[in-house]
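Report on the following structure.
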Amino acid sequence: MRNLAKRVIFQTLNDKRSVALILIAPLLILTLVYFLLGDSDYVPVVVLDENAQTQLVEAFEAETLDVRLDTVDNPFGYLEDNKDVDAIFEATQKGTTITLREPSTKSSKAVREIQAALSALNPAADIEMNYVYGEEGQSTFDSFGYVFLSLFSFFFVFILSAMALVKERSGGRSNGSS
């Protein structure tokens, strides 16, 4: 068994294509995926009511937000009509409402920035956020990295097996049966 393992390891090390598929290709592909899904410098767009207090507007503008002042009667219709807006913040006598387009990374960044602005205005109203999976500020690549790693591993094992099969078949080896 040990001799067989040594023979397979030495054959693999002598085959430069296999070494490249095992080591270099996954690193290259994961690096490219990281650049596609990694951290972004996205600035969420939040709409406040035109009559919002200046302190609130200044607190929002102090954060990494693109703040727009507008009159919003129907938040859902407003978000459907304005595709570039991520969130609508409404503060009324009944309470505070944040209407988001969808539960996405952009929306969660908007919510984090709104929470930071509100806690700057009133530190006693600091909102603590807890996550069951992941952590705050986690990029898309951090979330899906494990999935990509396993998919690439299975894909390259398939490619290596196919290369070994073609090499064996093209070598003309037979098992001795007629």
Side-chain angles (χ1 to χ4, degrees), residues 1-47 60 63-66 75-76 79-89 97-119 126-177:
M1 185 70 163
R2 183 181 293 176
N3 291 333
L4 178 64
K6 283 182 183 179
R7 183 173 62 105
V8 168
I9 289 171
F10 286 127
Q11 284 178 349
T12 303
L13 290 177
N14 288 333
D15 187 11
K16 303 302 179 201
R17 292 177 300 183
S18 298
V19 172
L21 277 174
I22 291 171
L23 299 175
I24 297 169
L27 291 175
L28 178 67
I29 290 175
L30 283 174
T31 303
L32 293 174
V33 168
Y34 173 76
F35 286 132
L36 289 174
L37 300 177
D39 297 329
S40 68
D41 297 330
Y42 181 73
V43 177
V45 178
V46 177
V47 173
F60 273 57
E63 299 300 325
T64 311
L65 289 171
D66 182 8
F76 297 104
L79 285 173
E80 286 179 12
D81 295 339
N82 300 296
K83 301 292 184 193
D84 60 330
V85 175
D86 296 309
I88 297 174
F89 181 82
T97 305
I98 301 172
T99 307
L100 302 170
R101 176 177 305 286
E102 60 188 358
S104 65
T105 307
K106 294 177 180 180
S107 297
S108 64
K109 186 172 183 180
V111 170
R112 282 194 308 269
E113 296 296 329
I114 290 171
Q115 288 175 341
L118 292 177
S119 65
D126 189 20
I127 301 169
E128 180 181 337
M129 292 195 54
N130 298 316
Y131 299 91
V132 176
Y133 302 106
E135 57 191 35
E136 186 174 337
Q138 191 171 5
S139 69
T140 308
F141 182 77
D142 292 336
S143 301
F144 294 119
Y146 303 109
V147 175
F148 289 132
L149 186 61
S150 62
L151 285 175
F152 294 147
S153 299
F154 284 118
F155 176 72
F156 288 121
V157 165
F158 173 76
I159 295 294
L160 283 172
S161 300
M163 285 174 38
L165 179 68
V166 168
K167 185 177 180 181
E168 181 180 331
R169 291 290 180 181
S170 64
R173 295 182 188 168
S174 66
N175 58 8
S177 63

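FYI, side chains are in, hydrogens and waters are out, and symmetry mates aren't considered; it's all heavy atoms of this structure.
To the nearest 0.5 Å, atom CD1 of residue I9 and atom CG of residue N14 are 12.0 Å apart. How far NZ of K109 is from CD of E63: 11.5 Å, rounded to the nearest 0.5 Å. With rounding to the nearest 0.5 Å, the separation of CG in L149 from CZ in F154 is 10.5 Å.
Ring-plane geometry between F148 and F152 is classed as parallel, the angle between the planes falling under 30 degrees on a 0 to 90 degree scale with a further cut at 60.
Counting all heavy atoms, side chain and backbone alike, I114 lies closest to A87 at CD1-CB, 4.4 Å. Across all their heavy atoms, V85 and V47 have their closest contact at CG1-CG2, 3.6 Å. Closest approach of T64 and E113 over heavy atoms only: N-OE1, 3.2 Å. Here the closest heavy-atom approach between residue L118 and residue F60 is recorded as CD2-CE1, 4.3 Å.
Taking 4.5 Å as the limit, some side-chain heavy atom of I29 sits within range of a side-chain heavy atom of F156. Residues T99 and F89 fail the side-chain proximity criterion, which asks for heavy atoms closer than 4.5 Å.
D81 is linked by a side-chain hydrogen bond (donor to acceptor under 3.5 Å, both in side chains) to nothing, counting only residues two or more places apart in sequence or in another chain. K6 pairs by the side chain to side chain contact (heavy atoms under 4.5 Å, CB included) definition with R2, F10, not counting sequence neighbours.
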